[in-house]
2 protein chains.
Amino acid sequence: MTFVKGISVIEKNSRFLLTCFSIFFVLKVKEKLIKHLTQTITLTNEEAVIVGNSFKERHLEKKEVLLFAGEISSHMQFIAEGCLRAYYMDEEAKEHIVQFGIEGWWVNDLYSYLTKTPAKQFVQALEKSTVLQINHDTLNILYKEVPAIERFFRLKFEKAYVAFQERTLDVMSKTAEERYLEFRTKYRDIEQRVPQYMVASYLGITPEFLSALRKKMR
Amino acid sequence: MTFVKGISVIEKNSRFLLTCFSIFFVLKVKEKLIKHLTQTITLTNEEAVIVGNSFKERHLEKKEVLLFAGEISSHMQFIAEGCLRAYYMDEEAKEHIVQFGIEGWWVNDLYSYLTKTPAKQFVQALEKSTVLQINHDTLNILYKEVPAIERFFRLKFEKAYVAFQERTLDVMSKTAEERYLEFRTKYRDIEQRVPQYMVASYLGITPEFLSALRKKMR
DNA sequence: CTTCTTTCTTAATCCACCTTAAGATTATTA
DNA sequence: TAATAATCTTAAGGTGGATTAAGAAAGAAG
């Protein structure tokens, strides 16, 4: 084979092309983040560059785990591409999905991140995915360099809080059917991309019962 | 009667005593707050005075409502004495208790406070109570004057977030009996002070079923 | 002390949702 | 292409918890 002695011309060319493609891809990924941020806050061009440089790109294979329960979550992470879930495992080793996320969302065990205590949740890719991560300390520095970023995250945390509050009340006061209907209208794009048994887990019911619900509603 | 023409000597004396008592009482109430704060943060004497002056005392009769759903929650409030509940009312006018609070706790519709949107919850006194309130804007000023206070509230908000996360997971993955047992060990002091049907509401079950559970466990 | 209100209990009936188990589809991978 | 794994469906029987209705206790108020 040619590459026993070195790298063939074809090989060289394809590596070159791959590199070009990668650079192009990296730019596009960070642009997604900036676009996302500027939907809420205003950034100058210089600030956008600083922000972009503070994030690191991470690629995940399907089923790859980004955060394990027990670890301390040390990054905030923006989903540039793909689909992830945050779930927790009870004493009987049953999984309970807490949150899904797709492009443009943030996933994390926020409590672990905020308090620097071991995570109770796993965060796992459900598809081949790309996330942009910023380290806890780096973010604290960035808060000072780009104050608008602090505003952005304060709003993010507040929204995270209310989202949980709403979920708690829903689980306590609504039937599984009501919750499923709400899920379908609110997260139609997510429903298409994740297996049904995970939707069931998110809703707090068994896959069999969700199947029965769907049949009834048809 | 003597007080048709003015105030009798006895009347005058009792007013005087009442005033003395009130001042004494006010001091004690604010001291409770300072003691509470200094369990988490450090305050100089001067800072403690500034903080104390930023809070206003409010007395509530049993059943009096401190915050109505629909209003915008504009204060953080510390319970110095008594017992309150935060609850929300569903479409069928059923009440769902979100949180209890006694001396040393904070109660609020935090989302309304943080986002300045109309509250979804009511906050009501379950006993004659005393709360210490600080206005949103006053607190923002205080953050600058006494930085340790900002730290205190950041930690408070983080704890509020995790408390909700834990409750959501509990409601989703545990039986009513498990949740009741947990409630008893975690909030034994609260269980003694609130009616059983409110404990049921907090747990997301009917009072009848809670009664049955208690009978079974006896 | 009596009356009214609030709170708690009991019991019968009913429904939402779970469990188990098996088969049917649909993806993955060899 | 076959084989294995992952996912979805169906059906029978079981259970947790709701609903309704009635009465018992315990407070609060006149």
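In what follows, chains are A, B, ... by sequence order, proteins preceding strands, each numbered from 1.
- Separating the OH atom of Y180(A) from the C1' atom of dA16(C) is a distance of 17 Å, rounded to the nearest angstrom.
- Contact annotation: Q196(B) does not reach the phosphate of dT6(C) (side-chain N/O to OP1 or OP2, under 4.0 Å).
- Here the C1' atom of nucleotide dC18(C) and the CG atom of L203(A) are 15 Å apart, to the nearest Å.
- The cationic atom of R167(A) (NZ for Lys, CZ for Arg) lies less than 6.0 Å from the six-membered ring centre of Y202(A) and within 45° of the ring axis.
- Taking 4.0 Å as the cut-off between side-chain N and carboxylate O, E158(B) and R154(B) count as a salt-bridged pair.
- Remark: C1' of dG16(D) and CE of M172(A) are 16 Å apart, rounded to the nearest angstrom.
- Between the side chains of R214(B) and Q196(B), at least one donor N or O lies within less than 3.5 Å of an accepting N or O.
- Between F152(B) and W106(B), the ring-plane angle classifies as tilted under the 30° and 60° cut-offs.
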Per-nucleotide protein contact string for nucleotides 17-30 of chain D (B base, S sugar-phosphate only, - none; heavy atom under 4.0 Å): BSBBB---------
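- When each of Y197(B) and A212(B) is assigned the nucleotide of DNA chain C bearing its nearest heavy atom, the one mapping closer to the 5' terminus is Y197(B).
- Checked against dT7(C), dA6(D), dT9(D), the side chain of K63(A) finds its nearest nucleotide in dA6(D).
- Side-chain N/O atoms of Y180(A) and E191(A) include a donor and acceptor closer than 3.5 Å.
- Between the NZ atom of K216(A) and the C1' atom of dA11(D) there is a distance of 17 Å, given to the nearest Å.
- Side-chain contact of Q121(A) with Q165(B): a donor-acceptor pair under 3.5 Å is present, judged by distance alone.
- Dashed line: the shortest gap from a side-chain N or O of K215(B) to OP1 or OP2 of dA11(C) is under 4.0 Å.
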